[in-house]
Amino acid sequence: MPRDGAGPDFIEALARGLDVITAFKAGRPVMTLAEVATATGLARPTARRILLTLTELGYVRAGERGFTLTPRVLDLGVAYVDALGLWDIARPHLERLVERTGESCSVAQLDGSDIVYVARVAVPKIVSLTVQIGTRFPALPTSLGKVQLAALAPDDLERVLAEPTRSGLVARWRPDREERDAALREVRARGWALTDEQLAPGIRSVAAPLRDGEGRVIAGVNVNCHAAETSVAHLLEHHLPLLLQAAGDISADFASRERLPRVTA
């Protein structure tokens, strides 16, 4: 059956193929045909045709225990990161920020009511949540999400937050509207955001917005630390000034890149 709200140009087969790819998760890297059909809500014959098509294209591999994704799926995400250009611009600044703070630093963008990590330089530390490129968290309880949500117009904010999270994570901090609006007003006024174990125990971070050449917020950059190792005072007194400098440098470089003439060979 067609999806509710789908327009006349909506390609159902493409949507179903993407549903099959995203059905493979950390807890289920190998899935049988029946498991794929159940996870996606597709009829088994439909799921089978999609899996065979993805196998033919090289995105899925069939084995004795079932189907698995292949590394070629990474091309889909890498294409986005490469097209945006943020990783190439942010990497030297993130590496310098990591050297100066001794903490992991990341860039994430807003996607619905979630943030998705698009660049990261990590240091080996034990934390309660694993983060890598493509990791998705609810935006509101994260510093990276707050700096981007605070930049939205009121109607856009309500529309974005009305979308259900696709992270699979239930955050510790679930404020009512009044508390949420007060927190975002504070972020808007000071230009940076702090989260102190609001997403999960032990996770403490501070973030600043990244802007394009027209001043629009396009992403956030943060310094993340373990609450047992780094106090809020040290995070704000030592790491925050370095973060704000890095955010300004990344934004300036991104704006400069946008002004470069585009040449097609």
Side-chain angles (χ1 to χ4, degrees), residues 1-7 9-29 31 35-43 46-47 50 69 73 76-77 80-81 84 106-118 120 128-185 187-188 193 195-201 203 205 207 209 217-220 222 224:
M1 294 291 294
R3 301 175 188 228
D4 292 338
D9 296 323
F10 188 84
I11 303 176
E12 185 71 28
L14 176 58
R16 289 173 175 176
L18 294 174
D19 286 344
V20 168
I21 290 176
T22 56
F24 293 87
K25 300 185 183 300
R28 51 186 187 198
M31 300 178 69
E35 289 171 335
V36 171
T38 299
T40 57
L42 297 173
T46 302
I50 292 173
L69 297 180
V73 172
L76 302 175
Y80 171 77
V81 175
L84 185 66
S106 307
V107 173
Q109 288 191 294
L110 200 62
D111 182 27
S113 63
D114 294 334
I115 56 165
V116 179
Y117 285 77
V118 298
R120 179 169 171 82
S128 58
L129 295 174
T130 301
V131 178
Q132 55 193 1
I133 303 300
T135 293
R136 178 183 294 269
F137 289 141
L140 189 57
T142 67
S143 60
L144 287 164
K146 288 176 184 175
V147 292
Q148 296 177 78
L149 293 172
L152 296 177
D155 289 345
D156 292 335
L157 176 66
E158 298 302 330
R159 174 182 54 79
V160 163
L161 292 181
E163 298 184 28
T165 179
R166 292 189 283 137
S167 68
L169 181 70
V170 177
R172 301 180 76 195
W173 184 57
R174 297 188 292 277
D176 58 25
R177 181 169 179 170
E178 183 178 355
E179 183 182 4
R180 177 204 75 188
D181 289 347
L184 293 181
R185 279 197 302 271
V187 171
R188 200 175 299 117
T195 185
D196 187 11
E197 301 187 272
Q198 293 176 325
L199 178 65
I203 303 296
S205 70
V217 174
I218 57 170
N222 82 342
N224 183 81

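In this text the structure is predicted, and so the values were computed from the model without any measurement. Atom set for the values below is all heavy atoms of this structure, side chains included, hydrogens, waters and symmetry mates excluded.
Among residue pairs with one or both ends in residues 129-145, those qualifying as salt bridge (charged side-chain N to carboxylate O under 4.0 Å, His left out) are Asp111-Arg136, Asp114-Arg136; sequence neighbours excluded.
For the atom pair Leu140 CG and Gln198 CD, the distance stands at 8.0 Å (nearest 0.5 Å). Rounded to the nearest 0.5 Å, atoms CD1 (Ile50) and CG (Leu18) are 9.5 Å apart. For the atom pair OG (Ser143) and CG (Asp196), the distance works out to 11.0 Å, reported to the nearest 0.5 Å. Between Arg188 atom CZ and Leu152 atom CG the span is 9.0 Å, to the nearest 0.5 Å. Interatomic distance, Leu144 CG to Asn222 CG, rounded to the nearest 0.5 Å: 4.0 Å. Rounded to the nearest 0.5 angstrom, Gln132 CD and Arg120 CZ are separated by 9.5 Å.
With sequence neighbours excluded, the residues forming a side chain to side chain contact (heavy atoms under 4.5 Å, CB included) with Ala151 are Val217, listed by chain and number. With sequence neighbours left out, the side chain to side chain contact (heavy atoms under 4.5 Å, CB included) criterion links Ala139 to Leu110, Ile115, Leu149. With sequence neighbours left out, the side chain to side chain contact (heavy atoms under 4.5 Å, CB included) criterion links Asp176 to Glu178, Glu179. Remark: Ala43 engages Pro45, Thr46 in a side chain to side chain contact (heavy atoms under 4.5 Å, CB included) (not counting sequence neighbours). Remark: Arg180 pairs with Glu158 by the salt bridge (charged side-chain N to carboxylate O under 4.0 Å, His left out) rule, at least two apart or across chains.
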Original post:
When you look at Thr135 and Thr130, which way does the side chain to side chain contact (heavy atoms under 4.5 Å, CB included) test go after all the steps?
Top reply: CA-CA 8 Å; Thr135 293; Thr130 301; 5.9 Å; no
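Pro138 has its side chain within reach of Leu169: a pair of non-hydrogen atoms, C-beta onward, lies under 4.5 Å apart. Side-chain contact check for Phe137 versus Thr165: every heavy-atom pair is 4.5 Å or farther apart.
The backbone N or O of Arg172 lies less than 3.5 Å from no partner atom in the side chain of Glu197, so there is not a single donor-acceptor pair. Using a distance-only test at 3.5 Å, with no hydrogens or angles considered, no donor-acceptor pair links the side chain of Thr195 to the main chain of Ser205. With Gln109 contributing its side chain and Ile218 its backbone, the two residues share a donor-acceptor pair below 3.5 Å.
Taking each heavy atom of Ala183 and Trp173 in turn, the nearest pair found is CB-CH2, 4.0 Å. When all heavy atoms of Glu35 and Met31 are compared, the pair lying nearest together is OE1-CA, 3.2 Å. Contact between Ala150 and Val187 at its shortest, heavy atoms only, is CB-CG1, 3.8 Å. Minimum heavy-atom separation, Gly112 to Val160: O-CG1, 2.8 Å.
Within a 6.0 Å sphere centred on CD1 of Ile11, heavy atoms belonging to other residues, nucleotides or ligands number 12 at most.
Taking 4.0 Å as the cut-off between side-chain N and carboxylate O, Arg159 and Asp156 count as a salt-bridged pair.
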